[in-house]
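Below: the structure, in structure tokens.
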Amino acid sequence: MTTPHRPHPHSRPEGRAAGVVKTFLLAGSTLPAPGLAPGLHVVATPIGNLADVTVRALETLAAADVIACEDTRISRRLLDRYGIQTHLMAYHDHNGASARPKLLARLAAGERVALISDAGTPLVSDPGFKLVVEAAELGFPVHPVPGASALLAALVAAGLPTDCFLFDGFLPPKAGQRRNRISALAAVPGTLVFYETGPRLAESLADLADVLGPRRAAVCRELTKAFEEVRRADLPTLAAHYADADDPKGEIVLVIGPPLEEVAGDADVDAALLRALKDTSLKDAVAVVAGATGRPKREVYARALALTQARGDEKPGDADADA
């Protein structure tokens with residue numbers, strides 16, 4: 001059990017010098033920032049449209065003693081828009097080891113530290129996780145200030161089931177690792193959500209279509225921005241579209257529907273097995289295809305064994321795999 005840290009006895013009760021009133025701009029009016037409790041405040045910021053910020057987020061950023069952010073240039077645009085003068089401190093993957101102790105020291109002194117990312121909710125595929133973990137372990141309060149999230153924005157725009165979903169960050173950049181990761185997620189009985197970059201989008205969609213088959217999906221790009229785009233189709237159609245297109249610009253979220261409910265026919269099962277067997281063992285291919293097609297695992301194993309025997313490429317030990 002951790003012992004809560006107590007603020008330094010000489011720390012400022014409201015994190016500001018005597019007589020200094022911190023303010024922010026909203027709808028042309030200058031408003032005072034209310035008092036802010038000591039601790040780490042994890043603040044969500046807009047993913048594109050700067051109007052998508054909450055009043056509480058503005059109050060928190062204005063009242064904080066320091067704002068830890070990934071890129072001070074990007075975060076300064078938001079602060080300038082709303083007239084916030086709080087000091088920005090860079091905190092990212094490359095300087096985390098040296099910056100984190102400084103932020104923890106501020107918390108130990110009873111200060112109010114705000115943590116933001118370049119866009120959206122901190123800790124979702126950004127470096128804030130270690131700071132929150134260490135702050136919590138030392139007993140400092142951690143206050144969430146919720147708001148925009150690219151993950152949730154894409155999920156509600158995709159037109160796919162939202163009652164059960166799995167977010168898996170970025171797929172691996174290397175093809176073999178990427179296909180293995182997709183195969184491991186194929187049987188998840190819910191919607192899959194990934195972040196992706198423009199240069200890798202076509203390759204990732206091709207692997208997703210190859211492993212998961214004709215699931216419904218959506219490519220959500222530049223959400224809340226001027227060139228917002230949500231393209232919905234099955235995975236093979238999306239893969240074909242982006243294979244012939246220039247690398248798309250901006251932030252991208254991939255949303256993939258859950259395994260198809262209808263039971264696949266024998267030809268579909270055989271085709272899926274042949275695709276899966278290119279990169280995985282017979283046992284792993286059976287697990288992936290059974291999960292993706294809805295066919296009983298024992299039936300899929302029998303068809304996989306027949307296919308490998310017919311091709312003469314059965315691997316030693318595969319025939320004894322526990323199906």
Side-chain angles (χ1 to χ4, degrees), residues 7-8 11-26 30-136 138 140-150 224-225 251:
H8 190 280
S11 62
R12 297 187 302 272
E14 294 300 338
R16 60 178 64 133
V20 176
V21 177
K22 293 191 173 185
T23 62
F24 63 97
L25 297 175
L26 185 61
T30 299
L31 303 177
L36 190 64
L40 180 62
H41 298 259
V42 184
V43 184
T45 56
I47 60 175
N49 191 321
L50 294 184
D52 294 336
V53 65
T54 68
V55 174
R56 184 182 171 205
L58 296 177
E59 292 176 343
T60 301
L61 296 177
D65 296 299
V66 64
I67 299 172
C69 62
E70 291 181 85
D71 188 324
T72 58
R73 296 165 299 180
I74 292 175
S75 297
R76 178 54 62 190
R77 298 172 195 161
L78 176 67
L79 269 59
D80 287 347
R81 165 75 175 267
Y82 291 101
I84 295 172
Q85 301 298 318
T86 306
H87 174 67
L88 288 169
M89 175 179 171
Y91 174 65
H92 45 71
D93 284 328
H94 302 295
N95 77 341
S98 60
R100 216 163 24 252
K102 297 175 183 177
L103 293 169
L104 293 172
R106 284 176 172 267
L107 291 173
E111 291 193 17
R112 292 82 178 148
V113 176
L115 172 67
I116 63 176
S117 65
D118 283 347
T121 300
L123 277 67
V124 181
S125 290
D126 80 27
F129 174 71
K130 291 182 180 179
L131 178 60
V132 170
V133 169
E134 292 191 26
L138 291 170
F140 300 125
V142 178
H143 309 281
V145 183
S149 166
T224 78
K225 300 179 184 178
E251 305 296 327

For [X] against [Y], the heavy-atom pair lying closest together:
| X | Y | value |
| --- | --- | --- |
| Pro101 | Gly96 | CD-O, 4.3 Å |
| Ala44 | Pro146 | CB-C, 3.8 Å |
| Phe24 | Pro32 | CE2-O, 3.9 Å |
| Ala135 | Leu40 | CB-CD2, 4.1 Å |
| Gly110 | Pro38 | O-CB, 3.6 Å |
| Ala63 | Leu36 | CB-CB, 3.9 Å |

Checking [X] now: which residues fulfil salt bridge (charged side-chain N to carboxylate O under 4.0 Å, His left out) with it, not counting sequence neighbours?
| X | answer |
| --- | --- |
| Arg76 | Asp80 |
| Arg77 | none |
| Lys130 | none |

request  = Please collect all salt bridge (charged side-chain N to carboxylate O under 4.0 Å, His left out) contacts where either partner lies in residues 88-106, sequence neighbours excluded, each pair once.
outcome  = Arg100-Glu134, Arg106-Glu111
query = Can you list the residues that meet the side chain to side chain donor-acceptor pair (under 3.5 Å) rule with Asp71, with sequence neighbours excluded?
reply =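 So Asp71 forms a side chain to side chain donor-acceptor pair (under 3.5 Å) with Arg73.
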[atom1] of [X] to [atom2] of [Y]: how many Å apart, nearest 0.5 Å?
| X | Y | atom1 | atom2 | result |
| --- | --- | --- | --- | --- |
| Leu79 | Ile116 | CG | CD1 | 6.5 Å |
| Asn95 | Met89 | CG | CE | 7.0 Å |
| Glu70 | His94 | CD | NE2 | 10.0 Å |
| Leu115 | Thr60 | CG | OG1 | 12.0 Å |
| Leu107 | Arg112 | CG | CZ | 10.5 Å |
| Leu61 | Leu88 | CG | CG | 9.0 Å |

Selection [range] - residue pairs positive for ring-ring contact (aromatic ring centres under 6.0 Å, His included), sequence neighbours left out:
| range | answer |
| --- | --- |
| residues 32-81 | His41-His143 |
| residues 96-121 | none |
| residues 53-90 | none |

inquiry  = Looking at Glu251, I want to see if its CD is surrounded by more than 12 non-hydrogen atoms of other residues, nucleotides or ligands under 6.0 Å.
reply    =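 For Glu251, atom CD is not crowded (no more than 12 foreign heavy atoms under 6.0 Å).
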Could you pull out every donor-acceptor pair under 3.5 Å between side chains of residues 47-57 and any protein atom, sequence neighbours left out?
| from | atom 1 | to | atom 2 | distance (Å) |
| --- | --- | --- | --- | --- |
| Asn49 | OD1 | Ala51 | N | 2.9 |
| Thr54 | OG1 | Ala57 | N | 2.9 |
| Arg56 | NH1 | Pro144 | O | 3.3 |
| Arg56 | NH2 | Pro144 | O | 3.3 |

query = Mind checking what makes side-chain contact (heavy atoms from CB on, under 4.5 Å) contact with Thr30, not counting sequence neighbours?
reply =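 Checked Thr30 against side-chain contact (heavy atoms from CB on, under 4.5 Å); matches are Thr23, Leu25.
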key: Donor-acceptor contact present, side-chain Lys22 to main-chain Ile84, <3.5 Å   =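 Such a contact is absent between Lys22 side chain and Ile84 backbone.
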